[in-house]
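In this text, all values refer to a predicted model and were calculated from it rather than measured experimentally. In what follows, chains carry the letters A, B, and so on, assigned in the order in which the sequence lines appear, proteins first and then strands, with residues in each chain numbered from 1. Any value given below was found using the heavy atoms of this structure, including those in side chains, with hydrogens, waters and symmetry copies removed.
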Amino acid sequence: MSARDFKATLRLPEGAFSMKADLAKREPQWLDRWNKAGLYRAMLARPTEKKFVFHDGPPYANGNLHYGHVLNNTLKDFVTRFRSILGEQVKFIPGWDCHGLPIEQNVERALGPKMRELTPMQRRARCRDEAQKWVDAQSEQRQRLGMLGTWDHPYLTMQPAFEGRVLEALAAFVERGIVYRGLKPVWWSSAERTALAESELEYEDDHRSPSVYVRFRGEASVAERLRKRFPTMREGSPVSAVIWTTTPWTLPANRALAVHPELEYVLLERSKRDGTVEYLLVAEPLAKSVIAACGWSTPELLPRTMHGAEKAFLGEELAGLVFQHPFEDRTAPIVHADYVESTAGTGIVHTAPGHGRDDYNTGVKYGLEVYSPVDDAGEFTDELGPVAKSWGIVGKHVFDANPVISAKLEELGALCNADGAFIVHRYPISWRSKKPLLTRATVQWFIAMDEKMASGARPGKTLREVALEEIDRLAKEGSLADAEGVEARGWVPAWGRERIHGMIAARPDWCISRQRAWGVPIPALHCDRCGHPNLSVALVKHVAKLFASKGADAWYDESASVVPEGFCCEKCGATDRFTRDASILDVWFESGSSFYAVCAGDPDLGFPCDLYLEGSDQHRGWFHSSLLVGIATHGHAPYKTVATAGFVGEKVQVTQDDGKVKTKLKALAKRDIEEKRQRGEDVSVYDPQKIIAVDGAEILRLWVASNDYTDDIGLSKAAFDQVKESYRSIRNVLRFLLQVVRGEVVETVAEVGSALQPIDRWQYQKLVALVSRCETAYRHYDFRAVVAAVSEFLSDASGFYLDVSKDWLYNDYKSDRVRSTLAVCDATVRSIAVILAPILPFTTEDVWDHLPRRAGDPSSVHLCTWPKLSVEHDSSLEDAVRAVRVLRDRVNLALEPLVSAWGAEKKAAQQEKRAPGDDEAKWPESARIDHARDADVVATVTKDEATLVAPLKDVLAECLLLGAVTVNVHDGAPSVRVVRGAKAACVRCRRRIRDVEDASGLCGRCTRAVARWDAEHPAPAAG
RNA sequence: GGGCCCAUAGCUCAACGGGUUAGAGCGCCUGGCUUAUAACCGGGAGGUUCCGGGUUCGGGUCCCGGUGGGCCUACCA
């Protein structure tokens, strides 16, 4: 008779939850299912008192999603989902920024010269289609990431209702009296023929600019005055100020020379080959470099020492000197400016108020003309001076005119250095065309940062003042809230405050007009009689209403009545004819108004918003413009918390000088990636769509969650491999827990009640702590702490609690300790599914699908609420487990060499084709230990240790994974004696327990278990 | 040039207001199990906490100065 196979009597793990996730294939199926079931609608429909107003910063509707979007959108979804699971209503309305230059240019490129033939209305229609195309594409890609949102009802900045609200926001600024029209230099893109906002600039690292040093000949009075100071100056020899510029094209617009009043200047005496002498004025600290740059050989140069040691003099002494323009018949007076540096150039700055912000300010101070003879295309106009005009550069692009001007300067003897010299430096370029920009004075609409506001919530204060106060208020409310243990408020991370503060403090007036067609028009009416540009509150509000119903296209529709009834020119009172302003609003004004258009009026949302979350570049962009708009409309910031993410870069290995290899972060450059591709390297890691297609969005989400998003994040294959690995390990433990529960409705911890065993109670305590820790971490937007805590918890459970419990889970039959452990396993898998649901929405749903439903369980894990667990904390259990683990380490230390040695012997015997342990003297029975469960251990412990371990004494052998254990209490050095159990291993549980019966081969526990099993499973009638 | 920030093990991150021998997870090496098995368990190696000063009884942590990196910014005129 063969031995009975007891396998059927065991409670082994089982279940259909697959080890392989197959995410790439299954994620779309879940998405489809959720959509069909209306999951997000169901989430929003749950009755709740609390709302969380989370406002989406609109991505620009141009191009596919890149890593920055992935990072940002994933983080947003963590928040949406977490807040929902907390039981709050989070209506996330995804938005898109649809107007602006890049879209207009996509269309232009596709259409070519035909674009010019279209009316503004037709052009706008094309742009609308283009924007919609990308909105649709990005919407799909964002949804594919698993993002929750009202995808059927997004907000688009090109929707009429939105456009109307934008103008209402503009009306608020007008009402505050801080919108003005002025002639100021702005960054100008000649390629796009428009002014650009600060946030639309990009910088090119290796930009090449001409570098010219130019003489400005002093008037006769200059030499006279200087000779009073320097009597040895030769009479009749020319005196010149030397300037340096990288923009020779701005020289025609020169109106002054600026010096620093406190900088020291010297006069150089230069003997020329023809025997004549010239004098050159430069700053002392720069004299050397100027001499070098101009190639004046040293013998020709004589520093002039005057009045003893006093050879230098201060810039302030130069006041009143007047120099001649190098080619036009005009003068350039010396002015003072404290931005003049002593680190580059000559210390004398060529000043063209029409072509630079500093120059402009200096011009205002000294009453200089703001002169800018350059048109929209960046070409010189016939406003040029007669000499420059005679060079044939009218109609020439300023950058193309540079060499002409240099050559002419050389001809005129005004050029000090060699023609063709250049420097390589960083220079602003257009974000779209990548063409270099110029600074050009044009008439634009501005919002004043430093004008006192005439009305609103904070009259008498300037926009800048209130903005700075608001920044501090958020920071302060944040720290207060933090101290009370409430979620993070204000700036996350805290240094965001410094960043935006610095930016607001230093920014110039906001230039809000753009000379383009694709946007929201500035609804100003220019009086045909007197030319006055009218922009009144009533007018703006009137047009706002028009736009809200007909869209901004109405501005370009001659039949639309943009003039309000009874309207007359503010200046001359004319009522007959007006011309519509041709500018559109800066797109940052539009997106900055999004809270006003989307949240402020929605009963499901509100104002201010709880959270804005974007990349840290938005301190200059959206956070910044939203703050300013919020102050105009409501008198305060439109958000309570601003969280920022860093940037995604590429991880590169760098060998340091000391030979050590370090990994550094490099900005993701398309150029670099393209090079790699051409070299045949695998570049799939740089394309998030590829990761999704191969590994699944869940992997991207976990990657985001396990990084410190406030810092820059490095991209590498190794990092993704690691994320995949940690995903597997999380999934496997969850899988095992599911297999333990086996799809059965087990008792809850509460139902088990007093039958809860000490070790289960200990594990449950840990779970309760985990739940609470994760909640805090989520509230502080610290997602990696959630992942870290859960990973550590699961890893520990796998290594200790679950490993240990297997003994009774498999082998007991319906014992109290099985009930107890099952209850804890069930609570664990349920809680962790909910905890991880915001980060891993697909996997946790998979887990939820494999759990049996209890009454009241929702159909989806995403309709669950945050776990509410509680247990009275018993620290003696922690002490007990700690002590047991110390003991376990000690036992393992003794056991390990024995198991290893016997293992080696078995292996050797197999190779030598002999029976293992045939040398009986060397391998007595007691030394043949295959596994810890064969061991019978006698451990001597101290009294203290025994007391600590006491709560777990009933499961001590199991905790140590041993066949049997005996504990001797004896104060002194602890010791461990290990032998193989004397009896045979139990045929069912395979432990060498001391009470194994020879007849049945079963130990006592298994005998009872089998008896109960047999009683409940009557054998089928023998056939 | 200016502002803000970052630097701890191969990777991703910990280490309360300065306080034992700097930890975890993953990877790596290695042993075991074959009742979580393309899984699981044990053991091990691996760090001059970027460098140099300073304050302190004591520095990964605070201060100063470098180096490297990132974002933002600036008419290098």
Side-chain angles (χ1 to χ4, degrees), chain A residues 7 10 12-14 19-20 185 187 198-199 201 203 209 211 243-247 250 258 337 339-341 343-346 348-352 355-360 423 425-428 438-439 493 495-503 505-507 615-617 619-620 646-647 649 651 654 656-658 660-667 703 706-708 710-714 716 718-719 721-726 728-729 732-733 735-737 739-740 784-785 787-788 791-792 794-796 798-799 802-803 806 810-811 892-893 895-896 899-900 903-904 930-933 961 989-990:
Chain A
K7 202 154 187 169
L10 300 172
L12 294 179
E14 60 179 46
M19 185 153 13
K20 195 161 172 266
W187 280 116
E198 286 74 39
S199 33
L201 311 184
Y203 293 84
S209 294
S211 165
I243 62 98
W244 175 58
T245 184
T246 57
T247 51
T250 61
Y339 55 81
V340 176
E341 290 173 357
T343 49
T346 67
I348 303 171
V349 175
H350 141 62
T351 298
H355 293 300
R357 197 197 291 167
D358 282 343
D359 295 29
Y360 171 82
I423 65 159
H425 60 158
R426 259 182 121 213
Y427 193 83
L438 43 129
T439 319
W495 50 258
R497 184 243 163 227
E498 316 302 330
R499 214 165 139 84
I500 195 166
H501 195 275
M503 288 173 180
R507 69 155 299 148
S616 69
D617 54 338
H619 282 117
R620 163 83 34 195
F647 288 78
K651 272 276 155 127
V654 179
Q656 289 177 274
D657 294 343
D658 57 7
K660 244 181 139 175
V661 177
K662 279 267 154 190
T663 41
K664 305 238 156 110
L665 195 75
K666 251 185 76 187
W703 170 72
S706 38
N707 273 277
D708 174 8
T710 65
D711 196 1
D712 296 333
I713 299 181
S716 69
D721 287 346
Q722 186 205 318
V723 169
K724 283 187 250 175
E725 208 44 58
S726 41
R728 265 181 227 130
S729 107
N732 262 319
V733 183
R735 172 169 173 266
F736 184 59
L737 284 164
Q739 290 182 333
V740 163
R784 74 193 151 148
V787 174
S791 298
E792 214 176 314
L794 289 177
S795 168
D796 184 74
S798 177
L802 292 175
D803 204 32
K806 280 178 201 168
Y810 293 180
N811 300 306
N892 278 335
L893 208 61
L895 193 59
E896 179 77 14
V899 174
S900 280
D930 293 310
H931 186 266
R933 65 172 172 264
L961 303 168
C989 71
R990 301 182 310 174

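The same atom, C1', is picked in B:G43 and in B:U61; the two are 33 Å apart, to the nearest Å. B:G60 sits 36 Å from B:A74 when the C1' atoms are compared, rounded to a whole Å.
Taking side-chain N and O atoms only, A:N707 has a distance below 4.0 Å to OP1 or OP2 of B:C13. A close approach under 4.0 Å does not occur between any side-chain nitrogen or oxygen of A:R497 and OP1 or OP2 of B:C4. Between A:S791 and B:C26, a side-chain N or O to OP1/OP2 separation shorter than 4.0 Å is absent. Distances shorter than 4.0 Å separate none of the side-chain N or O atoms of A:R507 from OP1 or OP2 on B:A74. Put simply, A:R990 has a side-chain N or O that comes within less than 4.0 Å of OP1 or OP2 on B:U35.
The side chain of A:R735 has B:U37 as its nearest neighbour among B:C33, B:C41, B:U37. The nucleotide whose nearest atom lies closest to any side-chain atom of A:E896 is, among B:G42, B:U12, B:A39, B:G42. Distance from the side chain of A:D712 is smallest for B:G70 among the nucleotides B:G70, B:C11, B:C26.
Among the heavy atoms of the strands, none lies under 4.0 Å from A:D721. In this structure, A:R728 reaches neither bases nor backbone, as no heavy-atom distance under 4.0 Å exists between it and the strands shown. Among the protein residues, A:S726 comes within range of no part of the nucleic acid, since none of its heavy atoms lies under 4.0 Å from any strand. Among the heavy atoms of the strands, none lies under 4.0 Å from A:H355. Within the nucleic acid shown, A:D803 comes within 4.0 Å of sugar-phosphate atoms alone, with no base atom in reach, counting heavy atoms only.
Across every strand in view, B:U67 sits in a pair with B:A7 that passes the Watson-Crick or G-U test at under 3.5 angstrom. Under the Watson-Crick and G-U wobble criteria, each requiring two contacts below 3.5 Å, nucleotide B:G60 is left unpaired.
Atoms CG and NE2, on A:L895 and A:H931 in that order, are 9.0 Å from each other to the nearest 0.5 Å. Rounding to the nearest 0.5 Å gives a distance of 8.5 Å between OG of A:S706 and CD1 of A:I713.
The nearest heavy atom of RNA chain B to A:S900 and to A:T250 marks one nucleotide each, and the one closer to the 5' end goes with A:S900. Take the nearest nucleotide of RNA chain B for A:N892 and for A:T439: the residue whose nucleotide is more 5' is A:N892.
Rounding to whole angstrom units, CZ of residue A:R499 and C1' of B:G3 are separated by 8 Å. Atom C1' of nucleotide B:G70 and atom NE2 of A:H619 are separated by 15 Å, given to the nearest angstrom.
In terms of polar N and O atoms assigned as donor or acceptor, the side chain of A:R784 never comes within less than 3.5 Å of the base of B:U12 in a complementary pairing.
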